[in-house]
Amino acid sequence: MIDNYRKSQRRPAEAMERELADPAEAVERVDELLNRVLMEEALLRLSTEHRDVLVALHYRRFTVKEAAVQLNIPSGTVKSRAYYAVRALRTILDEMGVER
């Protein structure tokens with residue numbers, strides 16, 4: 001029992017040492033986190049209709065037909081909203097100073 005407790009106390013330190021051992025990996029993880037935060041902020045600035053379509057198509061990986069069923073709108077509307085949502089998202093990211 002005591003040995004198991006001691007092992008559990010050592011593991012976090014070992015994991016931290018591994019993370020600190022490769023600074024490039026740590027930088028990559030920070031960049032990934034920052035990109036997620038920026039994208040989340042940009043998505044929140046979109047209209048609900050545009051955000052719902054982009055989330056369905058790009059994050060949930062629905063097909064146009066599946067997104068149409070899920071959102072209860074015609075397939076053509078999904079395509080149209082996706083087109084205009086991407087344009088709006090690019091504008092928002094430009095305003096936020098994000099480079100492509």
Side-chain angles (χ1 to χ4, degrees):
M1 183 187 255
I2 293 173
D3 289 338
N4 288 337
Y5 174 76
R6 288 180 181 160
K7 276 185 187 177
S8 70
Q9 294 303 312
R10 275 193 308 213
R11 286 187 183 152
E14 291 170 359
M16 186 180 292
E17 286 175 10
R18 275 185 264 132
E19 286 181 18
L20 295 176
D22 188 7
E25 187 176 317
V27 168
E28 187 176 312
R29 290 181 67 197
V30 169
D31 285 345
E32 182 181 321
L33 180 62
L34 288 175
N35 285 335
R36 284 183 183 182
V37 169
L38 281 171
M39 188 55 71
E40 186 175 322
E41 176 64 30
L43 285 170
L44 288 173
R45 293 184 186 189
L46 288 174
S47 69
T48 303
E49 293 85 10
H50 286 164
R51 183 174 49 250
D52 289 346
V53 167
L54 286 183
V55 167
L57 294 175
H58 295 284
Y59 288 97
R60 295 186 180 152
R61 304 236 184 241
F62 288 164
T63 64
V64 170
K65 192 177 274 189
E66 291 169 338
V69 169
Q70 180 72 25
L71 298 171
N72 200 27
I73 57 177
S75 294
T77 303
V78 170
K79 291 177 187 178
S80 175
R81 285 185 186 172
Y83 173 79
Y84 288 108
V86 169
R87 286 182 61 185
L89 189 60
R90 284 184 182 148
T91 301
I92 290 167
L93 290 170
D94 286 343
E95 289 172 358
M96 293 172 69
V98 177
E99 296 180 15
R100 292 187 229 173

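Scope of the values below: all heavy atoms of this structure, side chains included, with no hydrogens, waters or symmetry mates. Predicted model, so just to flag it, every value in this text is computed and none were measured.
Using a 4.0 Å cut-off between a side-chain N of Lys or Arg and a carboxylate O of Asp or Glu, Glu25 and Arg29 do not qualify as a salt bridge. Salt bridge status for Arg36 with Glu32: present, with a side-chain N to carboxylate O gap under 4.0 Å.
The structure places NE2 of His50 at 7.0 Å from OG of Ser80, a figure rounded to the nearest 0.5 Å.
Counting all heavy atoms, side chain and backbone alike, Leu44 lies closest to Arg51 at O-NH1, 3.4 Å. Considering every non-hydrogen atom in both Pro74 and Ala68, the closest pair reads C-CB, 4.0 Å.
Residues satisfying the salt bridge (charged side-chain N to carboxylate O under 4.0 Å, His left out) test with Glu49, not counting sequence neighbours, are none.
Annotation: Glu28, atom CD; neighbour count of heavy atoms from other residues, nucleotides and ligands within 6.0 Å does not exceed 12. Within 6.0 Å of OH on Tyr84 lie no more than 12 heavy atoms contributed by other residues, nucleotides or ligands.
Taking 4.5 Å as the limit, every side-chain heavy atom of Val37 sits out of range of all side-chain heavy atoms of Glu40.
By the 4.5 Å side-chain criterion applied to Ile, Leu, Val, Met, Phe, Trp and Tyr, Tyr59 is assigned to a cluster that also includes Leu38, Met39, Leu43, Leu46, Leu54, Val55, Val86, Leu89, Ile92, Leu93, Met96, Val98.
Under the 4.5 Å side-chain heavy-atom criterion for Ile, Leu, Val, Met, Phe, Trp and Tyr, Leu57 and Ile73 are members of the same hydrophobic cluster.
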